[in-house]
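For this chain, numbers begin at 1 and follow the sequence in order.
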Amino acid sequence: MRLKLTIGLFFIMGVLGCSEDKGELLYESETLKIEQVSKNAFVHVSYFNSQDFGKVPCNGMVVIDNGEALVFDTPVSDSESKELIDWVEGTLGAKVKGVVVTHFHVDCLGGLEEFHAREIESYASDQTIFLAKTLTEVLPKNGFEDLLELEVGDKKVVSQFAGAGHTKDNIVSYFPSEKVLFGGCLIKETGAGKGNLEDADVAAWPATVREVKAVFGDANIIIPGHGKHGGQDLLDYTIDLFE
């Protein structure tokens, strides 16, 4: 497997941040890509082969602080999860202490078993755990109703259910110290189509994103479930797309 590694000492030490609108490619293989979007926040990208949409890049988020890391959505399979965890712990020197699943589809929890094999705690809403039972026996271990706050090092990350949209259980996760919001599949990249609507509540979708905008209006960097990250324009685009 051909690997591309473009990380310098300043990224490892966390001395410099990077552009909000472009991101910095740190790692790339045939199955996984990692970009840095702020000083301590990263996007991981793995690839799901969909019958309807072909090879689909699927985003997740990693945040680090003081030698600890949290992952938001697993890569699509256990082999990519192993690749991601090894990179975070080996290159960033941050121990992965938890993974949060933002909805019940395979692009969010397909690689969950590898996290459990390493005794990493997993979290999801009660709705997500209930819905995931129809697809897999490997389920997140810790449930919550509408709001979850976790600590990573000395920082916190908030995960919240704002309403239905892509699915009826989709949540978003916010890293307030760096104003980075992982919108998951609730949020679309600029120019994207509506995508997979099999489990969607299209009528509720715009109001849900308005609620996200109201609660997390100070977010500067917003990561969608698929495609390129951006700013508040992604929220506005998603609202317009489904109205």
Side-chain angles (χ1 to χ4, degrees), residues 11-18 20 23 34-44 59-75 81 84-85 87-89 91-103 108-109 112 115-116 118-129 140-163 169-187 208-209 211-225 229-232 234-235:
F11 288 114
I12 298 172
M13 295 177 66
V15 174
L16 295 181
C18 55
E20 292 178 4
I34 300 168
E35 295 180 345
Q36 187 173 23
V37 295
S38 73
K39 181 179 177 181
N40 294 302
F42 307 81
V43 177
H44 67 80
N59 295 339
M61 181 174 74
V62 179
V63 299
I64 64 171
D65 187 65
N66 268 357
E68 294 183 341
L70 289 172
V71 176
F72 296 83
D73 285 349
T74 78
S81 287
L84 175 65
I85 298 167
W87 186 88
V88 170
E89 296 190 345
T91 302
L92 297 180
K95 178 69 175 175
V96 178
K97 62 177 290 187
V99 58
V100 178
V101 173
T102 65
H103 68 278
C108 300
L109 51 66
L112 188 57
F115 286 83
H116 290 171
R118 298 188 185 216
E119 299 184 343
I120 296 169
E121 290 292 338
S122 57
Y123 305 84
S125 74
D126 295 332
Q127 277 197 97
T128 294
I129 294 171
K141 293 183 177 181
N142 300 282
F144 64 95
E145 188 171 355
D146 293 322
L147 181 68
L148 173 71
E149 290 191 2
L150 294 174
E151 292 185 352
V152 55
D154 296 325
K155 309 297 184 184
K156 73 173 182 177
V157 187
V158 179
S159 296
Q160 184 168 330
F161 176 71
D169 65 316
N170 47 212
I171 64 171
V172 298
S173 297
Y174 188 50
F175 190 37
S177 64
E178 297 186 10
K179 298 184 178 180
V180 180
L181 177 72
F182 179 55
C185 293
L186 177 67
I187 306 304
T208 297
V209 180
E211 178 65 14
V212 171
K213 190 176 176 68
V215 175
F216 304 107
D218 61 341
N220 290 333
I221 301 168
I222 297 175
I223 304 166
H229 63 279
Q232 290 281 325
L234 270 64
L235 304 184

Student check: side-chain heavy atoms of Phe182 and Val63 closer than 4.5 Å: no
Gap separating the OG1 atom of Thr74 from the CZ atom of Phe115, nearest 0.5 angstrom: 6.0 Å
Residue Glu149 excluded, over 12 heavy atoms near CD under 6.0 Å: yes
4.5 Å side-chain heavy-atom contact, His229 and Met61: no
Interatomic distance, Ile222 atom CD1 to Leu235 atom CG [nearest 0.5 angstrom]: 3.5 Å
Glu178: side-chain contact (heavy atoms from CB on, under 4.5 Å) partners, not counting sequence neighbours: Ser38, Lys39, Asn40, Ala41, Phe175, Val180
Euclidean distance, Lys95 NZ relative to Ile120 CD1, rounded to 0.5 Å: 6.0 Å
Pairwise side-chain contact, Ile223 with Phe72, heavy-atom cut-off 4.5 Å (strictly under): no
4.5 Å side-chain heavy-atom contact, Leu112 and Val99: yes
Ring geometry between Phe216 and Tyr174 (parallel below 30°, tilted from 30 to 60°, perpendicular above 60°): tilted
Interatomic distance, Leu234 atom CG to Ile221 atom CD1 [nearest 0.5 angstrom]: 12.0 Å
Interatomic spacing from CG in Asn66 to CG in Asp154 - rounded to 0.5 Å: 4.5 Å
Candidates Leu150, Ile171, Ile129 - the one meeting side-chain contact (heavy atoms from CB on, under 4.5 Å) with Tyr123: Leu150
Pairs under 3.5 angstrom only: tabulate donor-acceptor contacts from the side chains of residues 155-163 to other protein residues two or more places apart or in another chain.
residue : atom : partner : partner atom : Å
Ser159  : OG   : Ser173  : OG           : 2.7

Side chain to side chain donor-acceptor pair (under 3.5 Å) assessment of Thr128 paired with Asp169: CA-CA 6 Å; Thr128 294; Asp169 65 316; 2.5 Å; yes
